Amino acid sequence: MSFPLLKNISALVNVISPKITFSSSFSQMKTTRLSSAKWEINPLSESKNPGSECATDGESVQTIRVYVRKKRAKKTVQTTVEEVRPEILDQNPCRLPEIEDFAYGKESSCSHSTQVPDNWEKVLEGIRKMRSSEDAPVDSMGCEKAGTSLPPKERRFAVLVSSLLSSQTKDNVTHGAIQRLLQNDLLTAEAIDKSNEDEIKGLIYPVGFYTRKASNMKKIANICLSKYGGDIPSTLQGLLELPGIGPKMAHLVMNVGWDNVQGICVDTHVHRICNRLAWVSRPGTKQKTSTPEETRMSLQLWLPKEEWVPINPLLVGFGQTICTPRRPRCGVCTISGFCPSAFNESPSPSSKSKANKRS
DNA sequence: TTCCTGAGGA
DNA sequence: TCCTCCGGAA
């Protein structure tokens with residue numbers, strides 16, 4: 001972690017203080033663990049109350065008072081005022097990555113509030129309609145069906161393996177591979193750790209990159225067994241340490257395996273479409289983001305948390321059928337009126353770069 | 001023949 | 001930043 005949280009408390013104060021217009025970004029992005037309860041910062045923009053206020057002695061923050069909704073099993077059960085001392089945040093590692101992202105994002109654009117894109121709700125609604133009328137070839141969250149009948153630990157391991165296999169692979173192919181592993185009792189860390197790598201390879205064929213994935217599966221099973229008692233890591237950091245698990249898959253597994261939304265699962269489609277819509281930008285600029293990770297940070301600053309999970313399957317389907325990487329079908333897209341990139345890309349199949357090279 | 005797609009290594 | 005991995009689609 002490169003940004004030392006709460007050493008730079010002023011960044012946090014600036015964000016939380018109502019006199020600075022950060023309402024949308026802060027209020028919408030934080031679900032945090034304080035004590036053992038799950039709290040959500042009350043959205044400033046949707047509440048009569050201010051979302052939060054700080055008590056300071058001029059230099060440092062004494063107390064942060066937050067108006068929160070208490071949530072149990074995804075239902076709001078109570079709205080209260082909470083007082084939080086900075087050192088409590090400091091002592092709670094669960095809280096650190098989120099605040100850190102958040103403080104980092106705000107630091108770099110402190111002089112102006114994060115822009116919530118105009119009409120984003122209309123755009124999402126339009127995409128939903130297009131998706132419901134057109135067949136989507138791939139359901140990227142297919143791994144959530146993995147092992148639904150298994151006990152929790154086995155189900156989580158199945159989700160992890162399923163996620164690993166599903167990348168760059170059609171859903172039915174992934175499903176077949178999972179079924180074959182299941183039939184051969186090779187869907188637990190213990191079994192995979194003992195098994196032969198060539199056998200795994202044969203069973204998961206023809207998923208994309210099966211050689212590399214078979215090797216990673218063995219390594220992952222061994223790590224899960226030795227460090228997590230055969231379960232999968234329960235933190236983003238732990239998941240990222242597994243070979244073959246990057247940011248995209250780690251967020252997916254946190255969402256599906258642990259039902260813990262740590263961040264948006266940003267793949268190439270989400271990355272591309274959010275940039276075309278100008279929904280994301282590099283901190284403090286209007287430049288496009290250059291990596292999916294940068295897109296994730298930028299998107300999380302304003303997109304309401306309820307949309308964090310559904311946005312992935314929505315944009316993946318949209319990206320495969322209409323907003324394609326090459327030659328997007330802006331002519332049939334019902335939200336092109338809201339899209340600054342509509343009809344900007346050359347509709348001609350002939351490649352400019354090649355033509356230039358030849359001439 | 002080129003691209004898709006996410007992780008990782010040069 | 002570019003390449004590799006794997007099979008399949010365009």
Side-chain angles (χ1 to χ4, degrees), chain A residues 134-143 159-178 180-181 197-198 200-221 223 232-233 236-257 263-276 282 287-297 299 311-313 315-329 345-358:
Chain A
E134 190 153 352
D135 270 344
V138 170
D139 173 5
S140 77
M141 307 294 261
C143 67
V159 166
L160 178 65
V161 170
S162 181
S163 303
L164 184 77
L165 298 185
S166 70
S167 126
Q168 296 101 349
T169 307
K170 292 255 187 292
D171 248 20
N172 57 341
V173 175
T174 309
H175 188 251
I178 292 291
R180 286 190 295 278
L181 288 171
E197 189 172 315
D198 283 335
I200 303 275
K201 195 157 66 167
L203 288 171
I204 65 175
Y205 180 88
V207 302
F209 310 144
Y210 58 90
T211 308
R212 195 180 294 268
K213 283 177 183 175
S215 156
N216 283 340
M217 274 175 66
K218 288 280 293 178
K219 290 177 191 158
I220 286 175
I223 295 170
I232 68 173
L236 208 55
Q237 188 60 39
L239 288 167
L240 288 169
E241 284 165 10
L242 303 175
I245 301 293
K248 192 241 166 182
M249 288 304 159
H251 283 286
L252 186 66
V253 172
M254 284 305 287
N255 294 353
V256 177
I264 299 170
C265 178
V266 173
D267 62 14
T268 183
H269 298 286
V270 176
H271 176 54
R272 177 181 71 254
I273 295 167
C274 287
N275 274 294
R276 281 185 178 163
R282 306 187 78 158
Q287 291 176 289
K288 290 186 173 188
T289 56
S290 55
T291 65
E293 266 300 274
E294 216 170 44
T295 298
R296 183 180 65 77
M297 302 280 229
L299 193 57
I311 196 161
N312 178 277
L315 294 194
V316 169
F318 180 56
Q320 287 168 334
T321 54
I322 295 171
C323 199
T324 47
R326 309 277 154 130
R327 293 197 286 154
R329 301 165 61 200
E345 287 184 36
S346 163
S348 154
S350 69
S351 162
K352 281 180 197 169
S353 58
K354 276 186 186 171
N356 289 342
K357 274 178 193 168
R358 283 192 196 119

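Within every chain, numbering begins at 1; the chains are lettered A, B, ... in the order of the sequence lines, protein sequences first and strands thereafter. Here the structure is a predicted model, which means the values were calculated and not measured.
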Q: What nucleotide among C:dC5, B:dT5, C:dG7 has an atom nearest to a side-chain atom of A:Gln168?
A: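 Output: B:dT5.
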Q: Looking only at the side chain of A:Ser167 (C-beta and beyond, no hydrogens), which of the listed nucleotides B:dG6, B:dA7, C:dG7 gets closest?
A: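 The answer is B:dG6.
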Q: Return the nearest nucleotide to the side chain of A:Arg326; candidates are B:dC4, B:dT5, C:dG7.
A: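 For the A:Arg326 side chain, the nearest candidate turns out to be B:dC4.
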Q: Rounded to whole angstrom units, what separation is found between the CD1 atom of A:Ile245 and the P atom of B:dT5?
A: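 It works out to 19 Å between those atoms.
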Q: In whole angstrom, what separates A:Arg329's CZ from C:dA10's C1'?
A: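 Between C1' of C:dA10 and CZ of A:Arg329: 14 Å.
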Q: What's the NZ-P distance between A:Lys219 and B:dA7, to the nearest Å?
A: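 Going from NZ in A:Lys219 over to P in B:dA7 covers 16 Å.
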Q: If you look at every strand shown and take non-hydrogen atoms under 4.0 Å, does A:Pro292 touch a base, only sugar-phosphate, or nothing?
A: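 Answer is nothing: A:Pro292 stays at 4.0 Å or more from every strand.
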Q: Under 4.0 angstrom, heavy atoms only, what part of the nucleic acid is A:His269 near: base, sugar-phosphate, or nothing?
A: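 If one applies the 4.0 Å heavy-atom cut-off, A:His269 turns out to touch the sugar-phosphate alone, with no base involved.
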Q: Ring-on-base stacking between A:Phe209 and C:dC6, under 5.5 Å between centres and under 30° between planes: is it there?
A: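 No, A:Phe209 does not stack on the base of C:dC6.
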Q: For A:Arg327 and C:dA10, give me the distance from atom CZ to atom C1', rounded to whole Å.
A: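 Value for this atom pair: 9 Å.
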Q: Which residue in the set A:Ile232, A:Ile220, A:Leu164 passes side chain to side chain contact (heavy atoms under 4.5 Å, CB included) when paired with A:Leu242?
A: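 Of the listed options, the one satisfying the test is A:Ile220.
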Q: Classify the nucleic acid contact of A:Leu242 as base, sugar-phosphate or nothing, counting any heavy atom under 4.0 Å across all strands shown.
A: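 The residue A:Leu242 makes sugar-phosphate contact but no base contact.
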Q: Look at the side chain of A:Lys248 and decide which nucleotide, out of C:dG7, C:dC6, B:dG6, has an atom nearest to it.
A: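 Closest nucleotide among those given: B:dG6.
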Q: Under a 3.5 Å distance rule, please check whether A:Arg180 uses its side chain to pair with a backbone N or O of A:Gly202 as donor and acceptor.
A: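 No, because the side chain of A:Arg180 does not come within donor-acceptor range (under 3.5 Å) of the backbone of A:Gly202.
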Q: Test side-chain hydrogen bond (donor to acceptor under 3.5 Å, both in side chains) on A:Thr289 and A:Thr295; report intermediate values, then the result.
A: CA-CA 6 Å; A:Thr289 56; A:Thr295 298; 2.6 Å; yes
Q: Quick check on C:dG7: is either OP1 or OP2 less than 4.0 Å from any side-chain nitrogen or oxygen of A:Thr169?
A: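 No, outside the criterion.
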Q: Please check this pair: side chain of A:Lys219 against backbone of A:Gly244, looking for a donor-acceptor N/O pair closer than 3.5 Å.
A: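 Checked: no pair found.
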Q: If I take atom CD in residue A:Glu241 and atom P in nucleotide B:dG8, what distance separates them, rounded to the nearest angstrom?
A: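 Value for this atom pair: 12 Å.
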Q: Can you find a heavy atom in the side chain of A:Lys201 that is under 4.5 Å from one in the side chain of A:Thr211?
A: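 Yes; the side chains approach each other to less than 4.5 Å.
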Q: Could you state the CG-P distance from A:Asp267 to B:dT5, rounded to the nearest angstrom?
A: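 Value for this atom pair: 8 Å.
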Q: Round to the nearest Å and state the distance from A:Asn216 atom CG to B:dG8 atom P.
A: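 Going from A:Asn216 (CG) to B:dG8 (P), I get 7 Å.
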Q: Base, sugar-phosphate, or nothing: which does A:Tyr210 touch, judged by heavy atoms less than 4.0 Å apart?
A: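 Sugar-phosphate contact only - A:Tyr210 comes under 4.0 Å of backbone atoms but never of a base.
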Q: Have a look at A:Gly244 and say if it touches a base, only the backbone sugar-phosphate, or nothing, with a 4.0 Å heavy-atom cut-off.
A: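 Contact class for A:Gly244: sugar-phosphate only.
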Q: Between atom CG in A:Leu239 and atom C1' in B:dG6, what is the gap in whole Å?
A: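 For the pair A:Leu239 CG and B:dG6 C1', the rounded distance is 16 Å.
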